[in-house]
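All chains are named by letter (A, B, ...) in the order of the sequence lines, taking the proteins before the strands, and each is independently numbered beginning at 1.
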2 protein chains.
Amino acid sequence: MQKQETLSKNQKIILDLIEKSDQPLKAYSILFDVKKKGINAPLQVYRALDKLVEIGKIHKIESRNAFIACKNSKCQIAKATVFSICESCEDVTEIHDHKLSEHLRNFKDSKGMKYNKYNLEFFGLCKKCI
Amino acid sequence: MQKQETLSKNQKIILDLIEKSDQPLKAYSILFDVKKKGINAPLQVYRALDKLVEIGKIHKIESRNAFIACKNSKCQIAKATVFSICESCEDVTEIHDHKLSEHLRNFKDSKGMKYNKYNLEFFGLCKKCI
DNA sequence: TTACATGATGTTATATTATAACAATTAACA
DNA sequence: TGTTAATTGTTATAATATAACATCATGTAA
Ligand SMILES: [Zn+2]
Ligand SMILES: [Zn+2]
Ligand SMILES: [Zn+2]
Ligand SMILES: [Zn+2]
């Protein structure tokens, strides 16, 4: 079987929903919303989420246990992500900063570890909440 | 009442345990271990963990839902953390890299957000697991 | 010293997030 | 066409985390 190019039915339903939201969605809120489309169990949601994360269509915001669509065509693989998170209104934005990415991509620690992925989350207050 | 300087009984018990481990511990594994010391409920553990995180004695590894002691006297406040995580053996190390910290501390996004905290997790394979 | 405020504790119950295990179906492909 | 891998559906359960309430201890101030 060749590598999947098209999304499956459940994957499409769930990606659509996440893409329509500009903010991260939680798994059980997704579940609630897709029940009308015949997706009834948490596992169906988590399986689709896993796949979508794997192929880089969405990212997981680890500190929030929530999922947001990737709007950057460049990060087709979710291996290098940077987010800013407002601790007041919980607004989340994916950051694409070339200089920062370079710096992180080139980072070498003192232990000779080989990195293939990173996730950076900045916390603070957005303009509206300052 | 002035700001607390000494840790409470439960906080001490739980910090001791985490400091004895060089690897992150999960809340319910902590709970299991401290039952012999009279801590019986998850909430007692989570309350101590919250406090210890707040004062910078421990850090939460967000992608693993686990807690590790801070061994750096400088990061008394858990506001700027960098970790390397081996995806094979799950070994976690806190990274203190001056240049990287500077870069992250000085990072300004295009939206004018005011940051007071960040957390960066690198994933890969450690020397033993390559 | 009495009242008050704050922080910590103990306890029961419950909410939230995520996976195990198994059976059935669908889609690519040799 | 038979084989394999991916996906789906379903039930149950594991793992992570918080709500709500009562009590106790300690520092501050009238
Ligand atoms: Zn992205
Ligand atoms: Zn905000
Ligand atoms: Zn630290
Ligand atoms: Zn390793």
Quickly work out the [X] [atom1] to [N] [atom2] distance and round it to whole Å.
X: B:Glu62; N: D:dA15; atom1: CD; atom2: P; result: 20 Å
X: B:Ile61; N: D:dT16; atom1: CD1; atom2: P; result: 14 Å
X: A:Lys12; N: D:dT7; atom1: NZ; atom2: C1'; result: 12 Å
X: A:Leu49; N: C:dA18; atom1: CG; atom2: C1'; result: 11 Å
X: A:Gln11; N: C:dT26; atom1: CD; atom2: P; result: 16 Å
X: B:Ile13; N: C:dA8; atom1: CD1; atom2: P; result: 14 Å
X: B:Lys9; N: D:dT26; atom1: NZ; atom2: C1'; result: 16 Å

With a 4.0 Å cutoff (strictly under), does any side-chain N or O of [X] reach OP1 or OP2 of [N]?
X: A:Lys60; N: C:dA18; result: yes
X: B:Ser8; N: C:dT9; result: yes
X: B:Asn65; N: D:dA17; result: yes

*Among all residues two or more places apart in sequence or in another chain, which pass the side-chain contact (heavy atoms from CB on, under 4.5 Å) test with B:Asp50?*
none
_My understanding is that only residues two or more places apart in sequence, or in another chain, count here; which of them pass side-chain contact (heavy atoms from CB on, under 4.5 Å) with B:Ser88?_
B:Cys86, B:Leu125, B:Cys129
_Residues in contact with DNA chain D, drawn from residues 39-48 of chain B - heavy-atom cutoff 4.0 Å_ = B:Leu43, B:Tyr46
*asked:* Counting only heavy atoms and a strict 4.0 angstrom limit, can you tell me which residues of residues 16-38 of chain A come near DNA chain C?
replied: A:Lys26, A:Tyr28
_Quick test of your reading of the model: are A:Glu102 and A:Lys99 salt-bridged, counting only N-O distances below 4.0 Å?_
no
_Any carboxylate oxygen within less than 4.0 angstrom of a Lys/Arg side-chain nitrogen, looking at A:Lys117 and B:Glu87?_
yes
_A:Glu94 side chain near A:Lys71 side chain, heavy-atom distance below 4.5 Å_ = no
_salt bridge (Lys or Arg N to Asp or Glu O under 4.0 Å) partners of B:Glu90, counting only residues at least two apart_ = B:Arg64
*Classify the ring geometry between B:Tyr115 and B:Phe107 as parallel (under 30°), tilted (30 to 60°) or perpendicular (over 60°).*
parallel
*Between the axis at one end of the helix from C:dT1-D:dA30 to C:dA30-D:dT1 and the axis at the other (five pairs apiece), what's the angle to 10 degrees?*
30°
